[in-house]
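In each ligand, atom 1 is the first atom listed, and ligand 1 is the first ligand listed. What's counted below: heavy atoms across the whole structure, side chains too, no hydrogens, waters or symmetry copies.
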Amino acid sequence: MENIEQNAQNPIPERKKRIFSGIQPTGVFTLGNYLGAIKNWKALQDEYDCIYSIVNMHAITVRQDPAELRKRTLESYALALACGIDPEKSILFIQSHVPAHAEANWVLSCSTQFGELSRMTQFKDKSAKHADNINAGLFTYPVLMAGDILLYQADVVPVGVDQKQHLELARDVAERFNNLYGKTFTVPEPYIASSRGGGKIMSLSDPTKKMSKSDENPKGCVYILDEPNVIIKKFKSAVTDSDMEVAYREGKDGINNLMTIYGAVTGFSMDSIERDFEGKGYGDFKKSVGEAVAEHLAPIRENYSRYLSEKAYLEDCYRKGAEQAERIAQRTIDKMYKKVGFVAR
Ligand code: ATP
Ligand code: LTN
């Protein structure tokens with residue numbers, strides 16, 4: 001009886017749900033990456049068991065300069081730390097350090113159909129943009145991504161709106177594999193910030209286009225390491241409409257985007273932003289958005305230079321991260337190999 005009472009007061013803690021997400025080391029993170037993904041990565045660390053990766057294997061689907069990729073991978077790792085990913089709470093690792101990602105990719109590619117990969121809109125966009133290098137990796141990229149997620153038996157995957165289709169594919173592949181070989185993978189749920197909440201931040205120079213870190217036109221992109229005066233200037237020259245009203249409305253892409261950004265960094269609702277800027281012009285509004293963003297990002301810039309200069313700490317973190325990730329991923333690879341009928345060594 002005593003025991004039962006004690007157990008009721010101190011129940012065994014439930015296993016936390018697991019999160020996996022990744023970001024490519026293709027450049028300094030943009031405000032889009034931050035609001036659509038990394039800000040959520042940080043916020044979810046206490047409630048979930050989180051595993052985050054700098055996905056350098058994904059990055060080579062478009063041509064990269066090797067020295068630059070190496071440098072950017074370390075910088076991206078430091079940036080993730082600077083954005084508040086805490087290696088004591090979460091696993092943060094570099095994708096190529098865990099061979100299971102390449103192994104899972106092969107097995108899963110044999111459970112993915114050519115037809116379903118052909119429907120991926122990111123492949124169509126990127127192959128139009130890189131017409132001289134439409135390689136097989138660019139085409140099978142969603143399989144590598146499915147492997148990333150399924151290896152860790154992730155329950156939830158926080159990403160921006162642009163990754164929704166890839167996530168649906170990962171779910172389909174997991175279900176197909178489970179049906180064919182017996183339960184092997186957790187089928188992951190997407191965690192997508194609503195577009196008003198920052199799930200899709202648009203370019204400041206062309207608000208019909210996604211803000212993207214590999215964009216050749218840096219004017220439309222706010223990078224999280226930009227100096228405050230640069231940020232304010234970029235917002236001042238943001239493209240808007242010829243109307244005068246700060247209101248979230250169909251067809252006002254530029255203003256909608258600025259309102260989304262302002263709401264995401266201040267926590268203000270669209271209604272309260274509309275009220276606060278009633279009767280004021282776009283100039284005042286753009287200035288306020290620029291200042292709020294610059295203020296929000298300032299601590300990240302300070303943390304970043306500190307982390308990047310602590311080389312030994314950085315190395316220690318990514319080595320530990322890889323070991324922790326590998327332990328989990330290897331268990332899933334062993335299971336997959338057994339299920340498909342590979343002879344154990
Ligand atoms: P690249 O330009 O190299 O394709 P990217 O800027 O699109 O890169 P990724 O590394 O592919 O960034 O994505 C990292 C995360 O950031 C993903 O979860 C993605 O959905 C999110 N993300 C990227 N761009 C935006 C955006 N403009 N708005 C909201 N989320 C975004
Ligand atoms: N494809 C993603 C990056 C990515 C990812 C992942 C995101 C690679 N693997 C696994 C979530 C889960 C992109 O942002 N382009």
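Of all protein heavy atoms, the one lying nearest to atom 27 (N) of ligand 1 is Ile201 O, 2.7 Å. The nearest heavy-atom contact from the protein to atom 10 (O) of ligand 1 is Lys213 NZ, 2.6 Å. Given atom 9 (N) of ligand 2, the protein heavy atom at minimum distance is Asp148 OD2, 2.7 Å.
Between Met145 and the choices Leu169, Val55, Leu167, the side chain to side chain contact (heavy atoms under 4.5 Å, CB included) rule is met once, by Leu167.
Taking any N or O of Gln163, backbone or side chain, at least one lies under 3.5 Å from an N or O belonging to ligand 2. Ligand 1 has an N or O atom lying under 3.5 Å from an N or O atom of Gly32, backbone or side chain. At under 3.5 Å, not a single nitrogen or oxygen of Asp162, backbone or side chain, sits near a nitrogen or oxygen of ligand 2. Between Tyr141 and ligand 2, at least one N/O pair is under 3.5 Å apart.
The part of Ile149 lying near ligand 2 is the side chain, judged by heavy-atom distances below 4.0 Å. If you look at Val157 next to ligand 2, the close heavy atoms, those under 4.0 Å, all belong to the side chain.
At a 4.0 Å cut-off, not a single heavy atom of His58 sits close enough to ligand 1 to count as contact.
In the candidate list Ala37, Ala170, Pro142, Gly22, Gly22 is nearest to atom 5 (C) of ligand 2, counting heavy atoms.
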